[in-house]
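Keep in mind the model is a prediction, meaning the values are calculated, not measured. Heavy-atom basis, side chains included; hydrogens, waters and symmetry copies ignored. Quick note on labels: first sequence line is chain A, next is B, and so on, each numbered from 1.
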Protein chains: 2
Amino acid sequence: MYYLIILYLYSVKQYLFGKRAMSDPTVEFDVFNNLRDRLIAGAFEHGAKLRAEVLRVEYDCSASNIREILFRLSMAGLVDFQEQRGFRVPVQSKTRRHELAEMRILLEAEGLERSINNGGVEWEARLTGAHHKLSHIESRISSTGEVEPLAALWSVAEKEFHQTLLAACGSTLMQTTHGLIYDQFRQQVVNAKTNYGYYSDNIVDHKAILDAALDRNAPLARQKVHEHLARNLRENHADIDTK
Amino acid sequence: MYYLIILYLYSVKQYLFGKRAMSDPTVEFDVFNNLRDRLIAGAFEHGAKLRAEVLRVEYDCSASNIREILFRLSMAGLVDFQEQRGFRVPVQSKTRRHELAEMRILLEAEGLERSINNGGVEWEARLTGAHHKLSHIESRISSTGEVEPLAALWSVAEKEFHQTLLAACGSTLMQTTHGLIYDQFRQQVVNAKTNYGYYSDNIVDHKAILDAALDRNAPLARQKVHEHLARNLRENHADIDTK
DNA sequence: TAATACATTAATCTCAAAATTAATATAAAA
DNA sequence: TTTTATATTAATTTTGAGATTAATGTATTA
């Protein structure tokens, strides 16, 4: 039928203008990652509506694409969805921050202990490298006293360090689960008006965790992870709406 | 403009044929839950392709609808997605079952301890009730020796019991996370050819967990949860493809 | 025979518009 | 004035079809 003609014309077009490489991500994939990063980085006001039509023009794609992506992000806990009334950025609440911190402690303490037991020298090297990059950034922050200019760099370095704690735990499920929780925690804590979730104690905290890990001291490592994150169980973050 | 005429005609149609109640779930919601339940119950062969066109006619909706739902289920870990080559039922693997069991132990032990510390008499009542229903079904299974006829009933009762263990832990995040893990575990274990994940030791296991919880003996409760689930870390489930 | 290129089919991905519902503004009634 | 009902606008949900890519079959060549 004439379907073949269309396919042929399409192959001619591909020959003339080139085609997308198979390894390239689709539009969906691109937009998904970008939108996720923006949600984690606090690019939207908490509680703000995420209208498909608005994002559609912003990303130059269809509303269906956006809808699929928002559904996925809602399953990742980064977007709230209500039937017939659309998608929203989750509101920041003390309770939610509290629960996310607890879950991080549970997963990172357990995962780190397993990494300490299973990991070899290559894991130690990876962890040391991640810590080096992170502490470099944090010392620059502490010298200038300004988080803002280095917030983006710090975010990726801090995530890398904490993910590496679990890198040798032997369970991809534990790592991916932790990744989801970590992102939600970051979204809850990040606030453009203040410190992006950065604290001055971070330098000593991260160092203590690193040292305990390299010493293969699992109980101490668990304790240091707990101390590092337990701050979020106490402080009120008065700058953030408590709702 | 003439847009209003259409809206008016639509209101006439609603008057004549009735309209969906606001509390009713949308098509999406319905199909999502049904498809999730089927995936957990083992209605599809593991590794089977989930083609949007097939499911579309089955559920009498559009392919976009199915696509959105499959994306959501993929984020829940119940469906595998690959760009440009669609959705599949996850294959059953020993590694995955192992990791899911480990995560269940971690979450249920921790969650149960917190429930023991926080829960009141109403939680005890709920747990006792859930166990009563479960043990009733399990004793019937053990007397007949046939799991099949009661598999569906047992599945919901077992989930209810294990969810109730965390019901008073004070963290909705921990409960929802556990729910996701539990469903994936069930999907991995369920196999229509064998026992749906049921074991004869379940009766004494569940009873031991209940007793420890009612005794407010957190360490013992943790141990019993571990013993109950650790079976999945040892046995090979030779009946299931190990891949 | 095996491997490669091409033709064909079948799937996935993208899109825009129609169908349906929610939200808002306005008028009528209490 | 307050409330309620109605008209209007704006959003979400659903659909089907076109665009693009993957998978399969067939012929050609080494």
Side-chain angles (χ1 to χ4, degrees), chain A residues 1-32 35 48-74 79-88, chain B residues 1-32 35 48-74 79-88:
Chain A
M1 32 191 115
Y2 90 115
Y3 182 51
L4 301 178
I5 302 176
I6 296 195
L7 265 181
Y8 180 72
L9 290 175
Y10 183 64
S11 69
V12 170
K13 179 203 160 191
Q14 279 186 166
Y15 176 75
L16 294 175
F17 299 97
K19 65 180 282 191
R20 184 180 70 86
M22 264 188 60
S23 58
D24 288 354
T26 59
V27 172
E28 276 251 0
F29 194 77
D30 257 357
V31 178
F32 177 84
L35 202 49
K49 213 155 189 324
L50 295 166
R51 295 213 296 104
E53 178 60 22
V54 174
L55 295 170
R56 187 193 72 74
V57 301
E58 191 168 347
Y59 284 106
D60 188 30
C61 62
S62 78
S64 307
N65 284 135
I66 298 295
R67 194 175 151 86
E68 287 170 6
I69 288 161
L70 289 174
F71 267 128
R72 286 205 272 170
L73 290 168
S74 77
V79 162
D80 282 348
F81 168 70
Q82 265 193 309
E83 284 192 71
Q84 302 284 18
R85 43 201 74 173
F87 302 89
R88 286 183 174 280
Chain B
M1 33 190 114
Y2 89 115
Y3 182 53
L4 300 178
I5 300 176
I6 297 196
L7 265 182
Y8 179 73
L9 290 176
Y10 182 65
S11 69
V12 170
K13 178 203 161 192
Q14 280 185 167
Y15 175 74
L16 293 176
F17 299 96
K19 65 178 282 190
R20 185 179 70 86
M22 264 190 60
S23 58
D24 288 354
T26 59
V27 172
E28 275 253 358
F29 194 75
D30 255 358
V31 178
F32 177 85
L35 203 49
K49 213 156 189 323
L50 294 166
R51 296 212 299 103
E53 178 60 22
V54 174
L55 295 170
R56 187 194 71 75
V57 301
E58 191 167 347
Y59 285 106
D60 188 30
C61 62
S62 79
S64 308
N65 250 321
I66 298 295
R67 195 176 150 86
E68 287 169 6
I69 288 161
L70 288 175
F71 266 127
R72 285 205 272 169
L73 290 168
S74 76
V79 162
D80 282 349
F81 168 70
Q82 264 193 310
E83 285 192 66
Q84 301 285 16
R85 44 201 74 172
F87 302 87
R88 285 183 174 281

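- A pairwise comparison of heavy atoms in Leu70(B) and Leu50(B) identifies CD1-O, 3.9 Å as the closest pair.
- For Ile66(A) and dA11(D), the CD1 to P distance is 15 Å, given to the nearest whole Å.
- A cation-pi geometry, defined here as NZ or CZ lying under 6.0 Å from the six-membered ring centre and within 45° of its normal, holds between Arg72(A) and Phe32(A).
- Between Ala52(A) and Ile66(A) the shortest heavy-atom distance is CA-CG2, 3.9 Å.
- As a whole-Å value, the separation of Arg85(B) CZ from dA10(C) P is 19 Å.
- Across Arg67(A) and Glu68(B), no two heavy atoms sit closer than the pair NE-OE2, 2.9 Å.
- An OP1 or OP2 oxygen of dT13(D) is reached within less than 4.0 angstrom by a side-chain nitrogen or oxygen of Arg67(A).
- Considering only the side chain of Phe81(A), dT13(D) comes nearest among dT14(D), dA22(D), dT13(D).
- A straight line from CZ of Phe32(A) to C1' of dC13(C) spans 17 Å, rounded to a whole angstrom.
- In this structure, the OH atom of Tyr59(A) is 15 Å from the P atom of dC15(C), given to the nearest Å.
- Distance from the side chain of Arg51(A) is smallest to dA11(D) among dA11(D), dA16(C), dA23(C).
- Distances shown here put every side-chain N or O of Asn65(A) at or beyond 4.0 Å from the OP1 or OP2 atom of dC13(C).
- We find the CD1-OG distance between Ile69(A) and Ser64(A) to be 10.5 Å, quoted to the nearest 0.5 Å.
- Here the C1' atom of nucleotide dT13(D) and the CZ atom of Arg56(A) are 16 Å apart, to the nearest Å.
- When distances run from any side-chain atom of Glu68(A) to the nucleotides dC15(C), dT14(C), dT21(C), the shortest one goes to dT14(C).
- Side-chain N/O atoms of Lys49(A) include one lying less than 4.0 angstrom from OP1 or OP2 on dT12(D).
- Gln84(A) places its CD atom 10 Å from the P atom of dT12(D), with the value rounded to the nearest Å.
- For Glu53(A) and dA16(C), the CD to C1' distance is 11 Å, given to the nearest whole Å.
- Rounded to an integer number of Å, the gap from CD of Gln82(B) to P of dA11(C) is 17 Å.
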